[in-house]
Amino acid sequence: MSSIKKVLLLIGSPRAGRSVSNALGEYLVSQMAAPGVKQEKIFIQQALKKDPTGTILINAFADADIVLLAFPLYADSLPHPVIEAFELLSASSRENRQGQKSFAVLCNSGFPEAGQSRLALGMCRQFAKESGLAWKGGLAMGGGGALEGRDLDKAGGMARNIRKALQTAAAALAENRDVPAEAMNLMARPMMPTWLYLFMGNLGWRIRARRNGVGPKLCEKPYKTP
Ligand SMILES: Cc1cc2nc3c(=O)[nH]c(=O)nc-3n(C[C@H](O)[C@H](O)[C@H](O)COP(=O)(O)O)c2cc1C
């Protein structure tokens with residue numbers, strides 16, 4: 001019998017509902033749905049904009065048995081609103097210990113290798129440790145660009161390992177167990193060959209640059225000293 005009665009999903013991407021983080025997080029919590037289990041989702045940046053003191057976040061956090069954070073990798077680290085949320089939640093968690101809650105994260109990055117997120121996952125683990133949370137594990141996925149603008153359900157065969165990884169993780173988290181290594185390994189598997197991802201990525205950049213009238217300037221190096 002699970003002790004999880006409330007799941008809180010935090011979305012750490014400033015792109016909110018349009019983000020890959022949102023698609024991954026939504027799929028994970030959809031797999032944890034069960035009678036009597038409440039779910040709540042908060043877009044961190046939007047919540048902090050509305051309430052810079054963090055009360056919305058802190059109250060939702062206080063109520064939850066498990067907190068799941070989905071975020072994009074930014075400069076090998078976490079987006080600024082996520083760090084701000086960590087600082088607010090860590091302080092409140094130390095002040096009002098209401099029994100240990102669980103914490104797990106989902107990180108997606110633009111570069112193809114999931115290993116790029118290792119440092120960011122370590123930061124999340126450290127946050128859990130300093131805040132008295134039970135660390136349940138981190139899932140990292142590279143090549144996030146391939147999922148941009150799609151629901152995971154509609155991303156076809158390319159995303160089947162990601163769906164399987166999240167289903168496996170959800171089954172464990174719903175019972176308050178650690179994310180299994182099998183789920184982490186599946187999540188980290190590239191969705192397509194690296195050459196194809198890079199080819200599509202470069203093509204996308206060129207098309208966007210041309211649309212914005214800067215196609216010929218794409219390779220300029222204005223700060224390079226002669
Ligand atoms: C400011 C910024 C910094 C980024 N830094 C990295 C990085 O260090 N490594 C990486 O692999 N991707 C990096 N990315 C790419 C994002 O992680 C990637 O586009 C991700 O899929 C966005 O996820 P989201 O839709 O959930 O926001 C960066 C993107 C931005 C906007």
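Below, each value reflects all heavy atoms present in this structure, side chains not excepted, and no hydrogens, waters or symmetry copies. On a predicted model such as this, the values are computed, not experimentally measured, just so you know. All ligand and atom numbering here is 1-based and tracks the order in the structure.
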Trainee: Taking side chain to side chain donor-acceptor pair (under 3.5 Å) as the test, write out the residues that go with Lys6, two or more places apart.
Mentor: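 With sequence neighbours excluded, Lys6 shows a side chain to side chain donor-acceptor pair (under 3.5 Å) to Glu40, given in chain and number order.
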Trainee: Can you tell me which residues line ligand 1 if we count any heavy atom under 4.0 angstrom from one of its atoms, in chain and number order?
Mentor: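 Residues Ser13, Arg15, Ser19, Val20, Ser21, Pro72, Leu73, Tyr74, Ala75, Asp76, Asn108, Ser109, Gly110, Phe111, Gly144 each place a heavy atom under 4.0 Å from ligand 1, listed by chain and number.
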Trainee: Distance check, rounded to the nearest 0.5 Å: Ile207 atom CD1 versus Asn212 atom CG?
Mentor: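 It comes to 12.0 Å.
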Trainee: Side chains of Ser131 and Ser90 only: does a donor on one sit below 3.5 Å from an acceptor on the other?
Mentor: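 Result is yes, a qualifying pair exists.
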Trainee: Looking at Phe61, does the NZ or CZ of Lys101 lie under 6.0 angstrom from its six-membered ring centre and within 45 degrees of the ring axis?
Mentor: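 Output yes; distance and angle both within limits.
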Trainee: Under 4.0 Å between a Lys/Arg side-chain N and an Asp/Glu carboxylate O for Glu148 and Arg18?
Mentor: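 No, no charged N to carboxylate O under 4.0 Å.
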Trainee: Side chain of Asp51, backbone of Ala47: donor and acceptor closer than 3.5 Å?
Mentor: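 Between the backbone of Ala47 and the side chain of Asp51 there is no qualifying donor-acceptor contact (under 3.5 Å).
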